[in-house]
Amino acid sequence: MPVTQIATGRAFSYRDNIGQIGTSATSLRHPVGLARGANDVLYVANWGTESQGGARITKCVMGTQEWLADIGRPGSGDGEFLWPGGLTTDLDENLYLTDQAGSKVVIFDKEGGFIGKWGEEGSGPGQMMRPSGIVFDSEENLLISDTRNHRIQKFTKDGQFLDAFGSRGDGPGEFDLPWGLAVDGDGNIYVADWGNSRVQKLSVSGLHLQSFGEAGQDQVELNHPSDVSVDKDGDVFVADWANNRVVIYQSDGTFLVNLVGDATNLSKWAQAKVAANPDLAKARARADLEPEWRLWHPQAILVDDEYNIIIAEAQHMRVQIYQKDPDYFEAQFTL
Amino acid sequence: MGNKDIALMAHLMRRAGFGASYDELEARAAKGYEATVEELVDPDANGVPEYDELTLARYFPDMEVPSAPAMGTANFMYHLYTTPRPLVEKMTLFWHMVFATGNSKVDNPPEMLQQIQMFRDHGMGNYKELLVRLSKDPSMIFWLDNNENHKQAPNENWGRELLELFSMGQGNYTEDDVKMAARAFTGWTILPKIPRTPYQRHHWKFIYKAEDHDHSEKTFLGHTGRFNGEDIIDIVVEQPATANFMARHLYNFFVADEVQVPSWLDVPPKDPEAVEAIAKVFVESEFDIKTTLRFILNSDFFKDESVWFAKVKNPAEVVAGTIRLVGDFQEPRPGVLPMGLEGTYQGQDLINPPSVEGWHTGREWIDTGSLVRRVNFVADSFSNADMPGIKSIINRLGASETLSPEEVVDGCLELLGAVQINDETREQLLTHVRASGDLSRGSTEEETQAFGKRVTEVLQLIAATREYQFG
Amino acid sequence: MAKDPVLVIFQLTGGNDYLNTIVPRQNPLYRDYRKLVVIPEGEEVPIDDDYGFHPEMAPIKQFWDEGKMALIHGIGYDNSPRSHFRSMDIWHTCEPDKVGTEGWVGRSIQAVDPDKENVLTGVNFGQGLPRAMALPGVPVASVSDIENYGVLTGITDEEQRMRALDRFQRIYSPAIGRGPVMDYLGQTGLDALKGADILKTAPEMYSSSVEYAATPIAQKLRGISMVHQANLGTRFFYTQHASFDTHASQMAGHEQLWKDSAAAISDFFADLRANDAAENVVLIMFSEFGRRVRDNGSGTDHGAGGIAFAIGDPVAGGHYSEYPSMDEKDLQEGDLAPNYDFRGFYSTLLEQFMGLDPTEIVGGTFEQLDFIAK
């Protein structure tokens, strides 16, 4: 039974989920980053675990849930990373991943081939401390949340330092452990300002324009947001990480709706697991499963051009997918 | 060096926490002993922040909700070495060691961590309330089979251990009392669990099922009534045996090693007056744990030099104390798993005590294998001159141009937290240093490095001594 | 004089899949239940008409052919909890009904050496101590790397380390009467040094034409071989290989596990035999449980009844106990029902091979088998 939320001429409907816990290919392990490719391809960056490994990028098909490839592996060598911070793609669908552990950017092609890496740990210009959010701006330069230096830095795609803005604080244009980033159609920059429990909108040159949300649990408020995405209509989608939900605002900051997670169905990968275990199905039938449907640390959010709202749940080992209908019209039928 | 206030502060921080760097000891000593006790006992009132759990969740998702037991162990250990509230964590460890619940059976590390968090949140509150929370704790219910304790078929496991290990101690109740306690807790159970697959474990939930509760009349420790679980706890905490038993536990944990718990029935306490005094405060404060701790830490029997270094450090203290001393993990970094496992290999697998009786403590922490691990772990940590804590020791010693062997050995002992060692041991260390003569800090980088290396060599040898196994 | 019997315990940690280890090749139910996690027909290594080994176990089939390998079918205990940790505890402590703390190997070591004359009667190869070997007061050496074992191993400069060890010995040596705990610590420190000193001789004395693989399990068995051949009086060796917990991608994972294990065991016995050191050694393998009869698409979940092995010259090879029925009606919650108590397996080894009274060690009297040659 799809769940739909309606607000101001839009409808947001739950569609499906992909993932399950495990160590096999058809599983996700603490998914923390998202990127889209052509042909319905979805890339999911997995944190993995320190005891069992599993840091990698899972490449799969969104609709069919077909698993295509694992990209990268845990470590500090070429093609390796430990603490994936954010994921994005360039126009050729090459993958750019921040590795917070190594304070570097690791680059793969879409088939999973290792292309290169760059980045240096430190606090000087162009150096980074635990970089996380990563996104291309309108000129195909990279914006990166230099998290533990509390600033946003701009690089060319091969790592030439261009610019930095922000410093630690809670004033406009200041940050506290910034995380996910987004860029809208006009080139404005959106920062999930984690420690300040708000999203800041900055101009192309880094000037503060607007803030979304303030600390709290009320439906319009935010608690340590981890990521942000902006759709082509300018609606702003925030992964409200510590409140375990998504908050959606209009571009002017007006609150639209919350999404709390509606994964009442099993993903394809999970279906195989449950089918093979009669006990599991029995145990699930006995339990109140509601906590399982809800978002648990929605860490990455991505709204693509087809209005798919993709949410990676760091603690539920899956992504939930919603769909936005931008022209929702409430028919006044007489039934 | 050799300041008495610092030495006493070092004793306090070892017992009421996991040790402290020399910088911290100096700062605390400047504030004063009683002020420090207040900060430790009542961090809320003194503006000491809690550990930021969101930072843990952000940088260690695999430790926040661990699937592997070792990551659950790492989580608890991580709190011990990063907390700004050492006594809160120390009491969390205390309750974990007394109310010993093991993941070997619970088989759900996140649920075990919920219990640990309950100790963290309420372990310095009221003991009676803590027992009620413990009775409703899902890990405990599953561990001691209270989910199998039914109106028609009582299971005595929880009822028995509540009396024997968690409150009164052996010899103070009858088998009938055990049966009655068990019946009073019928219906205290957990809801059906959400399976860990296909997505993730979810926390278990306590539920009281009135229909499975034995509502009949019960006679327990001389009282008669239609008792439910809370009534049993009310009666239990009023027993003098309970105050004495818990007082002895606190003495054993904070003051000096006692014999193992099963012998307490036969062997009198080391310091009966101290235990009696603790019990009195415990009762008079209506089982307020903060008040009792404040009394212990400010009492003469605690401050007395005769009890300094009178306890064999448990592995959690060894590991967390070493990490705090060398100043590692001040920023999140990968590598928390080996820190938890180190405790395991030294004989204290946090969140997984060997049985409901908890770990045997004191000298039983030591066997050939665990001693080798302890010595090697501490010595290896001390050998890393890049660690801020070790760097600081080297720099402080390097304030003098040259140092005699006496100055190096005594300086290292002091900077490791006013460590006391036997004269013969000190003589051995001196002989060792003398073989290479006085130390000069030098001026070139090479000389400075050589100086640092000789200092860390002394630190390593101190770590290897018998005395260093005590805290 | 006959050499003292030596038991090598090789733990398959994580729950080894019985069905794909000893394949019931004639039983059509096997292929009904196992759609994907299945040994393809004809690829098993035939044991006899009814059974076959996992293909990667080919290197140890020789022991079966020689009559030196016993298969103990359907091993386990009633009411398997299907939890790794609880199940492993039960195997280690022989306490299926309550949480036990003392290990059966620890109790066996105490029975062999009650006066603790030898600090190396029991040696574990791995990190930390398995609960099976834990018993207060029983010294057990735990070796993660035999070539680098001992006190202050972090000091890399050899000369500096020698000086530090010399100092360690002096610091721990004299001074009786510094209190019972200090004295105990002194003795323990010296025991640790002594154990390390003795163990250090093993790699020095060792030479073998057998080249073990670089895998962790091969290196552990090589370490065991070194210590055994050095005649240090070790009677119980313990080691483990992991993880057999093949919930997913089992075909590749299980294959690698058995490939590494079988090669290591084959080399181990070749090494012992070449050096005339095999006649008194029995190696056993067990796992905390078998796995679910029906596969889950790419792996198998926790089960109940499993398979244990005893290998070595003192062993009378053959099938013991029975392969549990795979009929749906005989399964317990989808698992093979155990039909032989593991404590009987231990009892057989302790009484018939080690010459010990097993009653106290395993906590009762259990049906023994005849797999020790008379």
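A note on names: the letters A, B, ... follow the listed sequences, proteins ahead of strands, and every chain is numbered from 1. Predicted model only: the values in this text are computed from it and were never measured.
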Would you mind checking which part of A:L28 comes under 4.5 Å of any heavy atom in chain B, side chain (CB onward), backbone (N, CA, C, O), both or neither?
neither

B:P332 portion near chain A, given a 4.5 angstrom heavy-atom threshold:
both

Which atoms of B:L191 come close to chain A, meaning under 4.5 Å heavy atom to heavy atom: side chain ones, backbone ones, both, or neither?
neither

In terms of heavy-atom proximity below 4.5 Å to chain B, should A:L82 be classed as side chain, backbone, both, or neither?
side chain

Donor-acceptor pairs under 3.5 Å, chain B to chain A, main chain and side chains both?
residue: B:R58; atom: NH1; partner: A:L177; partner atom: O; Å: 3.0
residue: B:R58; atom: NH2; partner: A:P178; partner atom: O; Å: 3.4
residue: B:Y59; atom: OH; partner: A:R148; partner atom: NH1; Å: 3.3
residue: B:P61; atom: O; partner: A:Q315; partner atom: NE2; Å: 2.9
residue: B:D62; atom: OD2; partner: A:E50; partner atom: N; Å: 2.7
residue: B:E64; atom: OE1; partner: A:H297; partner atom: NE2; Å: 3.3
residue: B:E64; atom: OE1; partner: A:Q315; partner atom: NE2; Å: 2.9
residue: B:E64; atom: OE2; partner: A:H297; partner atom: NE2; Å: 3.0
residue: B:S67; atom: OG; partner: A:R29; partner atom: NH2; Å: 2.6
residue: B:P198; atom: O; partner: A:I21; partner atom: N; Å: 2.7
residue: B:Y199; atom: OH; partner: A:N17; partner atom: OD1; Å: 2.7
residue: B:Y199; atom: OH; partner: A:S267; partner atom: N; Å: 2.9
residue: B:Q200; atom: NE2; partner: A:Q315; partner atom: O; Å: 3.2
residue: B:Q200; atom: NE2; partner: A:Q315; partner atom: OE1; Å: 3.2
residue: B:H202; atom: NE2; partner: A:H316; partner atom: NE2; Å: 2.8
residue: B:E331; atom: OE1; partner: A:R148; partner atom: NE; Å: 2.5
residue: B:E331; atom: OE2; partner: A:R148; partner atom: NH2; Å: 3.4
residue: B:P332; atom: O; partner: A:R130; partner atom: NE; Å: 3.2
residue: B:P332; atom: O; partner: A:R130; partner atom: NH2; Å: 2.7
residue: B:G335; atom: N; partner: A:E50; partner atom: OE1; Å: 3.2
residue: B:G335; atom: N; partner: A:E50; partner atom: OE2; Å: 3.4
residue: B:V336; atom: N; partner: A:E50; partner atom: OE1; Å: 3.2
residue: B:V336; atom: N; partner: A:E50; partner atom: OE2; Å: 3.1
residue: B:L337; atom: N; partner: A:E50; partner atom: OE2; Å: 2.9

Are more than 12 heavy atoms from other residues, nucleotides or ligands located less than 6.0 Å from atom CD of B:E211?
yes

Chain A interface, residue from B:P192, B:P61, B:G335 that has the most non-hydrogen pairs under 4.5 Å:
B:P61

With a 4.5 angstrom heavy-atom cut-off, could you sort out which part of B:A57 is near chain A: side chain, backbone, both or neither?
both

Contact winner vs chain B - A:L289, A:V32, A:L280, heavy-atom pairs under 4.5 Å
A:L280

